[in-house]
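Have a look at the structure below, then the notes.
Note that the structure is predicted; figures quoted are calculated from it, not measured.
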Amino acid sequence: MLNGSIIGKYSPYNNLPEIAKTDKTNADKITFSAGSPAQPIALTLAQAQDMKYICELVSFDNVNVVEADGNFSLSDGQSTLTLYNKFKIDLAAANAVKATGILVIFKEAYQLYPITIDINQGIDQLTTDDIMNAPAYNLAGQRVDASYKGVVIQNGRKLLRK
């Protein structure tokens, strides 16, 4: 947290608010103290195209990271948002991610400075046909039938039958 006052002049830079230094600028009267971390504002990619969120910490759920010619962007299938890797995090094309970062505008184009990109590691699809039709063996390696109760090994996986 910053407390105090500072003298400067308002000077927009590429449509971003900026305070430029003057000959009266002095940071000696500012105190620094620990505070709680900022919480991101949850947005959709379409909502991110609004000046009211500029310079805010924002997050996007269930978006895809798309790469084209070495450039990365977020996409939800309808809207896109350019990623500018200002903080040098590892970026890779991926589906179903949560992205958190600072929303900025550069030459009238909205961009996200990503801070974190979390990839959904969930199970996409589970099939059981191969397991259920494979022969079953007990822990001693003896083949058993469908009426056997206990731990069985089927198609290389250990299962418990009750």
Chi angles and distances behind the side chain to side chain contact (heavy atoms under 4.5 Å, CB included) call for Leu74, Leu83: CA-CA 7 Å; Leu74 293 179; Leu83 294 176; 3.8 Å; yes
Could you work out, with side chain to side chain donor-acceptor pair (under 3.5 Å) as the rule, every residue matching [X], not counting sequence neighbours?
X	value
Glu108	none
Thr22	Thr25
Asp23	none

Which residues share a side chain to side chain contact (heavy atoms under 4.5 Å, CB included) with Thr82, sequence neighbours left out: Gln111
All side chain to side chain contact (heavy atoms under 4.5 Å, CB included) counterparts of Ala42, not counting sequence neighbours: Ser59
Over 12 non-hydrogen atoms of neighbours within 6.0 angstrom of CD1 in Ile41: yes
Nearest atoms (heavy-atom pairs only) where Lys149 meets Lys162: CD-C, 3.2 Å
Non-hydrogen atoms of Ala134 and Gln154 that approach each other most closely: O-NE2, 2.8 Å
Leu112 and its side chain to side chain contact (heavy atoms under 4.5 Å, CB included) partner, picked from Val104, Val58, Asn85: Val58
Summary of side chain to side chain donor-acceptor pair (under 3.5 Å) pairs that have at least one residue in residues 135-146, sequence neighbours excluded: Asn138-Gln142, Asp145-Ser147
Show me the donor-acceptor pairs, under 3.5 Å and distance only, between side chains in residues 44-57 and residues at least two apart or in other chains.
| unit_1 | atom_1 | unit_2 | atom_2 | d |
| --- | --- | --- | --- | --- |
| Thr44 | OG1 | Gln47 | N | 3.2 |
| Thr44 | OG1 | Gln47 | OE1 | 3.4 |
| Gln47 | OE1 | Thr44 | N | 2.8 |
| Asp50 | OD1 | Lys52 | N | 3.0 |

By ring-ring contact (aromatic ring centres under 6.0 Å, His included) - contacts of Tyr113 (at least two apart): Tyr84
ILVMFWY network linking Phe106 to Ile115, side-chain heavy atoms under 4.5 angstrom: no
Verify same cluster id: Leu81, Phe87 (apolar side-chain graph, 4.5 Å): yes
Separation of Asp90 CG from Ile117 CD1 (nearest 0.5 Å): 10.5 Å
Separation between OH of Tyr110 and CG of Leu103, rounded to the nearest 0.5 Å: 7.5 Å
Members sharing Ile153's hydrophobic cluster (side chains within less than 4.5 Å): Leu139, Val151, Leu160
Give the table of side-chain donor-acceptor pairs shorter than 3.5 Å for residues 65-72, with sequence neighbours excluded, one pair per line with atom names and distance.
none

